[in-house]
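Down below is the structure, laid out as structure tokens.
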Amino acid sequence: MATVVISLPFLVTLYFIFKLRFMSAQNDQFIYNGFNQTNLRLDGIAKIHSNGLLQLTNTSNQQVGYAFYPLPLEFNSSSSSSVLPRSLSFSTNFVFAIVPQMPMLGGHGLAFVISPSQEFTYGVASQYLGIFNTSNNGSPTNNILAIELDTVKSPDVQDIDGNHVGIDVNGLVSNESAPATYFSGQEGKNRSMELMSGNPMHLWIDYNETEKLLNVTLAPTSIPKPNRPLLSKHIDLSQYLLESMYVGFSAATGAVASDHYILGWSFNKSGQAQSLDISKLPQPPRRRKSKENPVRMIIISLIAVVVVLVLVTGATIIWRRKKYEEIREDWESEYGPHRFIYKNLFKATKGFSDKELLGAGGFGKVYKGTLSSSNSQIAVKKVSHDSKQGMKEFVAEIISLGRLRHRNLVQLLGYCRRKGELLLVYDYMPNGSLDKFLYGNEKSNLDWLQRFRILKGVASGLLYLHEEWEQVVLHRDVKASNVLLDAELNGRLGDFGLARLCDHGTNPQTTHVVGTVGYLAPELTRTRRATTCTDVFAFGAFMLEVACGRRPVEQQGLTEEVILVDWVFECWRKGSILDASDPRLEGNYVVEEMKLVLKLGLLCSQSMPAARPSMRQVTQFLDGNANLPELPNEGGCFGTFKGNEAFDFLLSIPSTSGKCSAASFSSTDSILICGR
Ligand SMILES: *[C@@H]1O[C@H](CO)[C@@H](O)[C@H](O)[C@H]1NC(C)=O
Ligand SMILES: *[C@@H]1O[C@H](CO)[C@@H](O)[C@H](O)[C@H]1NC(C)=O
């Protein structure tokens with residue numbers, strides 16, 4: 001029986017021991033990676049956000065907030081008659097964030113608290129952190145241990161600075177404190193931390209009862225627990241703590257305020273606290289814009305400005321490249337001095353502005369420009385040219401033409417090439433083209449003296465092209481609109497050589513017969529062979545045009561065409577050639593000169609190429625150095641043919657008349673310039 005009597009209390013005792021052990025183990029240890037669905041006891045203005053973020057205070061002034069583990073934990077057995085001695089050792093770590101209301105201005109701080117009660121009715125805000133008040137501060141009956149993260153320097157509680165970690169026993173005058181730093185193992189030294197940076201930070205608090213050592217370790221969440229604690233204090237907690245204690249957090253604001261957040265918390269009363277899973281923790285709200293470090297804001301703004309500038313500059317460079325893009329090939333290098341830079345031409349013509357437009361001819365628009373480098377005036381002819389074929393030869397000819405120098409030729413200065421575009425640069429002729437004087441109303445009419453001088457000038461220019469240069473150059477498009485007047489009203493032939501472009505199929509509107517109706521020698525339409533004689537024919541039409549003030553072919557009424565040559569010939573046959581003179585001259589002309597020009601015009605307009613005078617003879621007649629031969633008294637000998645018999649006659653003409661200089665015609669060979 002004795003065994004039974006002994007065994008009953010023993011079993012009862014055993015039962016309680018196991019029950020306590022079991023229950024304690026359940027409550028001893030917890031880990032919160034965020035605080036969703038936790039039964040923490042909240043007080044003051046503390047709250048848990050939907051993302052699991054625990055907010056102890058917001059930035060309202062003079063506020064307190066508390067969050068405590070709801071159940072008491074057994075700490076100190078020596079002070080009571082507990083069944084089993086309980087260890088004072090504990091281990092905890094948590095992640096917090098303090099976001100001040102203004103950059104680097106906030107308060108007052110937060111604390112991890114071990115307290116006999118979770119009621120802080122008398123706790124005062126600001127430097128008392130919600131756990132003490134003026135009268136109980138420092139009182140041994142408080143039985144409170146707090147690890148403070150203090151962001152305000154309060155002299156009355158002997159704070160070392162406004163950014164420190166302290167061990168507080170029963171009051172706010174810390175037993176030990178240190179500015180917030182962490183030990184960087186990599187660098188082998190302490191690195192300072194800004195508690196109010198708003199960044200999440202990790203704090204470990206470990207108490208070893210055997211060593212009676214309290215370690216407090218701070219670090220950014222980006223690194224593991226440093227192996228050197230920030231605070232390491234020998235302290236016998238058995239003197240301060242009671243058997244049953246609550247653990248939790250307290251935070252307070254004062255005249256200055258911060259958002260105090262706890263992101264996660266791990267606690268263990270009977271061993272090492274588990275590590276928090278940093279990646280799973282809720283994030284505190286993004287820092288207020290105004291809290292952005294001003295220096296950082298400036299740097300970010302500067303970077304943004306630089307990036308925008310780089311992009312804009314880049315886009316501008318690309319745009320300008322495109323805008324001023326040229327085509328330049330190796331073979332052009334020898335023409336360097338004649339090659340114009342597109343950008344300069346673009347600027348000279350104010351971007352090929354319509355205001356600078358001088359005219360639009362068969363080959364393209366002509367713009368007036370002023371070269372900024374030399375302040376000289378130029379005319380830029382923009383010729384659309386898509387064909388790459390023949391370009392090399394053409395440019396070679398252009399350059400060659402640029403070497404032509406005569407006071408009655410419009411000087412070609414150079415060229416530039418772009419995609420689908422050729423630009424020819426000429427001397428600017430301030431008085432424009434002759435046809436505007438002859439037919440236009442806006443310009444004052446030219447008197448006979450001026451007209452005669454222009455005719456002589458153009459004749460000598462054409463003679464230069466035909467005979468006086470090292471090669472024979474055919475103009476192929478002599479007409480009033482291609483004769484330009486310089487400042488002294490000298491006639492100058494322009495556009496020479498451009499007819500060549502048509503041979504490369506540049507201008508689909510133009511057939512292979514180059515020239516202008518009314519100026520085209522009859523054999524040209526038949527044989528398509530340009531010669532010096534076809535130029536003379538055109539010059540004849542031009543002479544009549546200037547003398548009569550009428551176009552070579554004029555539409556009269558709806559159907560009737562007046563062919564100038566025929567009409568002048570009729571006047572001559574009737575013995576009244578002066579009737580053909582321009583009525584706008586009102587008879588103010590030198591009769592002999594007028595007769596000479598009209599007759600010479602007819603002479604040049606003869607259907608038979610061989611019958612026409614050469615340009616040398618033309619100039620001799622005009623200068624009065626030779627007498628005009630008699631004109632044939634046969635209308636069919638002039639201008640375009642009217643009967644088939646004339647064509648038959650033409651066909652018998654050898655392909656190259658001894659008198660006319662020409663070139664063999666093909667679409668690719670040069671017909672413009674041919675060796676003598
Ligand atoms: C702080 O929280 C309290 C209670 O939730 C609220 O009344 C107050 O407006 C909040 N203050 C700020 C600045 O959000
Ligand atoms: C301070 O708090 C204690 C309780 O800890 C309370 O008894 C006392 O009245 C409080 N003093 C003031 C001034 O609030």
Side-chain angles (χ1 to χ4, degrees), residues 35-36 38 40-68 72 75-76 79 96-148 151-152 154 156-157 168-175 196 198 239-263 282-292:
F35 296 91
N36 264 337
T38 53
L40 291 188
R41 183 194 150 109
L42 303 181
D43 217 335
I45 60 166
K47 63 174 187 172
I48 290 169
H49 290 255
S50 55
N51 66 348
L53 182 69
L54 167 60
Q55 180 168 17
L56 294 169
T57 73
N58 58 21
T59 52
S60 286
N61 297 117
Q62 307 292 346
Q63 299 295 320
V64 287
Y66 310 91
F68 274 79
F75 266 81
N76 199 353
S79 64
F96 66 95
I98 302 175
V99 184
Q101 65 188 151
M102 285 200 278
M104 296 304 137
L105 184 63
H108 268 257
L110 69 86
F112 170 76
V113 183
I114 303 176
S115 156
S117 157
Q118 43 185 340
E119 301 272 355
F120 292 91
T121 344
Y122 301 106
V124 171
S126 66
Q127 71 262 43
Y128 296 97
L129 297 179
I131 34 181
F132 302 107
N133 63 30
T134 41
S135 59
N136 74 5
N137 184 24
S139 161
T141 58
N142 287 334
N143 301 111
I144 289 175
L145 172 72
I147 309 301
E148 64 168 30
T151 56
V152 175
S154 308
D156 56 334
V157 292
D168 299 346
V169 177
N170 289 333
L172 286 150
V173 181
S174 303
N175 293 35
M196 280 194 293
Q239 292 176 31
Y240 309 111
L241 301 186
L242 304 179
E243 182 193 350
S244 173
M245 301 294 278
Y246 292 90
V247 290
F249 302 94
S250 160
T253 64
V256 284
S258 301
D259 290 316
H260 292 96
Y261 299 106
I262 307 291
L263 282 58
Q283 288 302 301
R286 290 179 60 86
R287 279 181 284 163
R288 285 179 255 290
K289 284 247 172 357
S290 59
K291 287 192 188 69
E292 288 286 358

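Both counts, for ligands and for their atoms, begin at 1 and track the order of listing. Below, all heavy atoms of this structure are taken into account, side chains as well, without hydrogens, waters or symmetry copies. Computed from a prediction, not measured in an experiment: that's the story for all the values here.
For the pair L241 and M245, the tightest heavy-atom approach, listed with the atom from each and the gap, is CD2-CE, 3.5 Å.
Among all non-hydrogen protein atoms, the one lying nearest atom 13 (C) of ligand 2 is S135 OG, 3.7 Å. Protein heavy atom in closest approach to atom 14 (O) of ligand 2: N133 ND2, 3.3 Å.
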| Under the side-chain contact (heavy atoms from CB on, under 4.5 Å) criterion, do F75 and I114 qualify, and how do the steps go? | CA-CA 10 Å; F75 266 81; I114 303 176; 4.1 Å; yes
| said: T38 vs I48, test: side-chain contact (heavy atoms from CB on, under 4.5 Å). Steps then yes/no. | reply: CA-CA 9 Å; T38 53; I48 290 169; 3.9 Å; yes
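From H108, atom NE2 reaches atom CD of Q63 across 12.5 Å, with rounding to the nearest 0.5 Å.
Selection from T57, I45, N58, T59 by nearest heavy atom to atom 1 (C) of ligand 1 gives N58.
Backbone and side-chain nitrogen or oxygen atoms of Y122 are examined, and none is located within less than 3.5 angstrom of a nitrogen or oxygen of ligand 2. The shortest N or O to N or O distance between N136 and ligand 2 is below 3.5 Å.
Checked against the 6.0 Å centroid threshold, F96 and Y261 do not count as a close aromatic pair. For an aromatic pair to be called close, the ring centres must be under 6.0 Å apart, and F120 with F68 satisfies this.
For ligand 1 and S60, the ligand atoms under 4.0 Å from any heavy atom of the residue are 1 (C), 8 (C), 10 (C), 11 (N), 12 (C), 13 (C).
For atom 11 (N) of ligand 1, a protein non-hydrogen atom is found at a distance below 4.0 Å.
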